[in-house]
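Side chains included, hydrogens not; waters and symmetry mates left out as well; all remaining heavy atoms used. Fair warning: this is a prediction, and the values are worked out from it, not measured in the lab.
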Amino acid sequence: IIDGIVDMGAYEYQVLLPSLTVASPNGGEELTAGTTHEITWTSVGNIDNVKIEYSVNNGTDWMEIVDNTENDGSYDWDIPNNPSEQCLLRISDVDGDLSDESDAVFSILPLWYVDRDIAVSGTGTSWAEAFKTIQEAIDAADDGHAIWVKQGTYFLTSTIDVDKSVFIYGGFDGTETNKSERNWRTNITTVDGWNTVSCFYIPADAILDGFTIAHGQTTYGGGGMYISSSSPVVINCTFFENTADINGGGAIHSYDASPTITNSLFLENDGGSNGGGAIFNWDCPSVVVTNCTFSQNEGGSSGGGAIYNYNSLMVVTNCILWGDSAYLGSEIYNEGGTLTISHCDLSGGMVGVVNAAGGTVNDDGTNIGLDPLFAAAYHLQAGSPCIDAGDNAAIPPDTTDLDNDGDTTEPIPLDLDGGPRILDGVVNMGAYESVYQSLGDELAIDLGAFGLWDVDIAGAWRQISGSDVETM
């Protein structure tokens, strides 16, 4: 019934007036500058094209996002570094007077920039005004803010204190305006402890993505990183030649913490007298390590060439642990903890895992002890037993939105090279999905549908397609 009296027949007559309705962002969202957000809306009637604007002062002033775009209900917006808690979105009919605004305000969270080459630290709000050190950016940021770090080596004189739940990304060349433009593989961003200090102290639920962490040194645990009572995400990182003299964990020492560590390399780290050449866990409620490669780490006279798990719950999946050494447990030593390990390749197979009294090791029979056939930079040669031997279901969610599609619940889509995480339907063991192939005197990487890539003499990735070459 419309207008008080029912119509004859099956349908009630109703005039539908043209309209536009904002769906997202429609109030309450927190959008991060430098990322992409899908603006969505609905419409009724004959509206061909729309204009999209945003305000950072609750509608007093409006700034154009796009002056004319097809009315198809969706537009990808590269979020500007224009932070405010009083943002609105407005969509208007280009050819008429119709419009709609967000029902309530949303926020744009600020982005902070770091460039070691800048002469003097600025405000940190652009590449031109970047901070010179990572610590300055953390100090300026609040929880939920993002920090972009330009390529280069950041030598430390004191440990970086990540005491806020911030998103710290390496892999930029200093020109990017959107996170999707970064390349952590070619724009190598290194934090170096100069063999004098530990590189990171992380007591907050931060994200660290796209760094090489090298030459961290501490008298206690965690030469590369000490994680305390927090749940950080570490992804796309390489830990190289970090040392802990005592308390273990040359690369990472976690105490009462629940880190998630994915797509990372651990090479030539030394856990000192307490072992755990790469990782030492102490009283941790949850440690999840997935698709990582461990090699040449040293647990010394104690246990765990790669990992020492003490009184902690740990899950290790889709990893390669090969060529590490320690007095007990060449790869893993488990004391009083519960270790669940599956779809991994270990030197000597499960013989490389030592379970001390009071500990539990869950082995589902999917682990192997076969030469992984490493090629250059710990990629895999064709024919490696680690190819297509992992567990797709174990891949963690894409918390850092590596592919910048706005979906942080999908499985991580990329490997340490930035190529697809799954080729041929099943994930590899280890940090890399791509496979090295020999091309005469050259090495190339087969990225399946993404083509064949190699490294030129300058060290830049390029796509090989006949005589045409595209740098990456």
Side-chain angles (χ1 to χ4, degrees), residues 116 134 149-157 159-160 162 168-171 183-202 208-227 232 234-245 248-254 259 261-272 275-280 289 291-300 304-308 319-326 331 347 372 374-380 415-418 430-432 455 459:
R116 61 148 197 170
I134 298 171
V149 184
K150 184 182 173 182
Q151 66 181 349
T153 300
Y154 293 78
F155 292 103
L156 303 180
T157 57
T159 301
I160 296 171
V162 188
I168 310 176
Y169 300 103
N183 188 328
W184 63 85
R185 186 73 176 89
T186 55
N187 299 323
I188 298 173
T189 311
T190 301
V191 175
D192 194 306
W194 274 19
N195 293 314
T196 57
V197 297
S198 175
C199 294
F200 288 95
Y201 171 62
I202 306 182
L208 198 69
D209 179 351
F211 289 89
T212 294
I213 300 167
H215 307 130
Q217 195 278 338
T218 179
T219 303
Y220 301 100
M225 180 181 301
Y226 189 98
I227 301 171
V234 178
I235 185 169
N236 301 323
C237 288
T238 296
F239 293 84
F240 178 66
E241 289 189 345
N242 299 285
T243 303
D245 292 339
I252 299 176
H253 184 111
S254 296
I261 304 165
T262 312
N263 284 2
S264 294
L265 286 177
F266 294 84
L267 309 174
E268 300 182 36
N269 300 285
D270 189 341
I279 294 175
F280 193 105
V289 179
N291 283 110
C292 292
T293 298
F294 299 79
S295 189
Q296 306 302 315
N297 300 289
E298 175 61 54
I307 298 169
Y308 194 127
C319 291
I320 300 173
L321 305 97
W322 198 266
D324 305 294
S325 61
E331 297 301 338
S347 297
F374 286 136
Y378 294 89
H379 290 77
L380 301 175
D415 70 353
L416 181 56
D417 264 337
Y432 296 108
V455 181

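- Considering only heavy atoms from C-beta on, V289 comes within 4.5 Å of F294 through its side chain.
- Across all non-hydrogen atoms, the minimal contact from S198 to L156 is O-CD1, 4.3 Å.
- Using a 30° and 60° split on the angle between ring planes, H215 and F240 fall in the perpendicular class, above 60°.
- Distance check, rounded to the nearest 0.5 Å: CZ of R185 to CG of D417 gives 4.5 Å.
- The shortest side-chain heavy-atom distance between V234 and P259 does not fall under the 4.5 Å cut-off.
- When atom types are taken as modelled, the side chain of N269 and the backbone of A278 share no donor-acceptor pair closer than 3.5 angstrom.
- Contact detail for C199 and A214: the closest heavy-atom pair is SG-O, 3.7 Å.
- A pairwise comparison of heavy atoms in M225 and I202 identifies SD-CD1, 3.6 Å as the closest pair.
- Tested against I235 for a side chain to side chain contact (heavy atoms under 4.5 Å, CB included), the candidates N291, N263, L208 yield a single pass: N263.
- Between H253 and G248, the shortest heavy-atom distance links the atoms ND1-O, 3.1 Å.
- What you find for A244 and G222 is that their closest heavy atoms are CB-N, 3.8 Å.
- With rounding to the nearest 0.5 angstrom, the OG1 atom of T189 is 14.0 Å from the OH atom of Y169.
- Within the 4.5 Å cutoff, the side chain of Y154 has no heavy atoms near those of the I160 side chain.
- The only member of I307, L321, I261, T293 that meets side chain to side chain contact (heavy atoms under 4.5 Å, CB included) when paired with F266 is I261.
- Using a 4.5 Å cut-off on side-chain heavy atoms (C-beta onward), P232 and I227 make contact.
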Can you check side-chain contact (heavy atoms from CB on, under 4.5 Å) on Y226 and T218, steps first, answer last? CA-CA 10 Å; Y226 189 98; T218 179; over 6 Å; no
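- C237 contributes atom SG, which lies 4.5 Å from atom CD1 of I213 (distance to the nearest 0.5 angstrom).
- Taking the six-membered ring for Trp and thresholds of 30 and 60 degrees, F211 and F200 have ring planes more than 60 degrees apart, a perpendicular arrangement.
- Atoms CH2 and CG, from W184 and N236 in turn, are 4.5 Å apart once rounded to the nearest 0.5 Å.
- Side-chain contact check for D245 versus Q217: some heavy-atom pair is nearer than 4.5 Å.
- Under the 4.5 Å side-chain criterion, counting only non-hydrogen atoms from C-beta, E298 is in contact with D270.
- Closest of all the heavy-atom pairs between Y378 and L265 is CB-CD2, 4.2 Å.
- Evaluated for a side chain to side chain contact (heavy atoms under 4.5 Å, CB included) with I320, the options P372, C292, S295 yield exactly one hit, P372.
- Note that CG of L416 and OH of Y432 are 4.0 Å apart. Values are rounded to the nearest 0.5 Å.
- Atoms CZ and CH2, on F374 and W322 in that order, are 8.5 Å from each other to the nearest 0.5 Å.
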